[in-house]
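Some notes on the structure that comes next.
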Amino acid sequence: MLRFRYRFRQRNLPSAEGTGSGPAGRISKMRKLVTALIRHERIEGKHPYLDEARGYAERLIDEAVRNGDQHKPTMEIANYWLLEKDLLHKLFKVLVPRYENASTSYTKMWNLPTVYPGGGYHMALLELRNNPWPDVIPQQREVKNNLINVLIKAAKEDHEKNQQLTEHKQSEFTDQSTDTGTTTSQSP
Amino acid sequence: MAALGNRVAALGRIRLLRSSVFIQCRYSNTLPEATVEKHRKSKLAQDPEESETESLVAPRDYKYVYPEFLPDPKPQYRDRIREKLEHEDMFRRRTVLKIPEFYVGSILAVLVSDPYAPGKKNRFVGICINRSGHGLRSQFTLRNVVDGQGMEITYELYNPTIQGIEVLKLEKRLDPHLFYLRDALPEYSTIPFDFEPVPHPPGATIPVNPVKVKLRPRPWHERWERQDLQGLQDLELPERFYERAREVAKPWEKYDLMKQYRESINDDDAAKIMGYVYKKIQELEKTKER
């Protein structure tokens, strides 16, 4: 079962491999993209193409995870989709153990800015989850326990404490003054 | 006044004036789409028993034995509540009518009530050439040749006029449909109405009939040479037909994983539905034993 939002209708991509390449060109392009994704684990390209290829890559990995390498039809499918045959080993020996207990999709997609000047295409980035590359959006380093931050935090707490004390004293002073005011007004 | 009433009724609602309060009454038996949509999204519509059915695992071939319980894979036609209600209706029908297991290629006899037939009943015997539809709308087509005339009747499986379905010979064929029998020699689809039932021991594997059908010479209903059909003899066509078939062939569809995924109910969903069906069928069998 696919664990990401896929389109209910496929994109026909009529000129995937040049004008008029048709459905055969589309599937050929998809095979190249799936092979590249399994090889490099992170690829960049036009959004519609990668979005289509994502479904095929997910289904291929899902079949491999479900059926394993002893299942003949699965091996035939993998042989069709992976143009470079050394990737068959990678699929069954690296990716299947990686995604055996996955509860999310196997791939992830990111939007990239349109390149200008250029074709004006909506660009995207497609990657396998848990890949060895650095994160697309880098995780911020934990700086909470740096010495300077610890000192600043302590100083801030100190300052707040002092401020509360002075406020308390001031409020006591004003309370007394209001009390005296009321007594004087009542006396005449 | 009546004209006004009609005009308001045409809009789907009637407004009654009672002590200066407008009460809107629906006269029709339909609900507004917005109400249905609200109910679909409501938490009450989520099935609380779902966790129980998950644990029940149906045998692997259940989706081939009861294909009519699988919903239409087109997402725009799916509605979980309607599917559930239809399943309830189907099980209720199964309590009064025994709907046997059969496949394309099996020989069936169907008894339907017919007000114009003598005895008000009509029995038709034929070979099942197709099964289609989903849920309550599932159908099967029987074909026979009567007095040299090819006859086909499409029955709805859950039609209340059906009084009985009898499987005379339980077997499968090499293809998912047998529409090519329309262009075949009549002996391949001629079945006598007094066909003796062939016993099938329960639990035995369904035999596959490997017969190869010989077609009449062209013209045909379809270009059978362009379809990947196993149950056909050599078509004896000129070479140009096969060349054209090779040109328009789509060999990649066999590997188009997303196309297959979009056009079928995926394994997880099917297992869930079939677990529920398995439970219900077992309950039905228990009540019949009593």
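Here is the naming used below: chain letters follow the sequence lines, and residue numbers restart at 1 for every chain. Fair warning: this is a prediction, and the values are worked out from it, not measured in the lab.
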Report task. Answer with side chain, backbone, both or neither: which region of B:Lys250 has an atom nearer than 4.5 Å to a non-hydrogen atom of chain A? Result -> neither
Query raised in the report: Do B:Asp269 and A:Met1 have side-chain heavy atoms sitting under 4.5 Å apart?
Result: yes
Requested in this report: Please name the pair of heavy atoms, one in B:Asp256 and one in A:Tyr56, separated by the smallest distance, quoted to 0.1 Å.
Outcome: OD1-OH, 2.6 Å
Query raised in the report: Quick check: does any side chain N or O of B:Arg262 sit under 3.5 Å from a backbone N or O of A:Arg7, one acting as donor and the other as acceptor?
Result: yes
Query - Charged N-O contact under 4.0 Å between A:Arg66 and B:Asp268 - result: yes
**Report entry** Partner residues of A:Thr107 under the side-chain contact (heavy atoms from CB on, under 4.5 Å) criterion, sequence neighbours left out
**Finding:** A:Leu37, A:Arg54, A:Glu58, A:Leu126, A:Leu128
**Report entry** Residue B:Glu247 excluded, over 12 heavy atoms near CD under 6.0 Å
**Finding:** yes
Report task. Decide yes or no on side chain to side chain contact (heavy atoms under 4.5 Å, CB included) for A:Met30 and B:Trp252, but give the supporting numbers first. Result -> CA-CA 11 Å; A:Met30 290 298 114; B:Trp252 58 82; over 6 Å; no
Query raised in the report: Residues of residues 73-94 of chain A under 4.5 Å from chain B (heavy atom pairs)?
Result: A:Glu76, A:Ile77, A:Tyr80, A:Trp81
Query - B:Tyr261 side-chain N/O to A:Leu2 backbone N/O, donor-acceptor pair under 3.5 Å - result: yes
Query - Distance, nearest 0.5 Å, that separates CE of B:Met258 from CG of A:Leu60 - result: 12.5 Å
Query raised in the report: Which atom names give the shortest non-hydrogen contact between A:Arg59 and B:Leu257, and what distance separates them?
Result: NE-O, 3.6 Å
Query - Residue A:Arg31 versus chain B: region with a heavy atom under 4.5 Å - result: neither
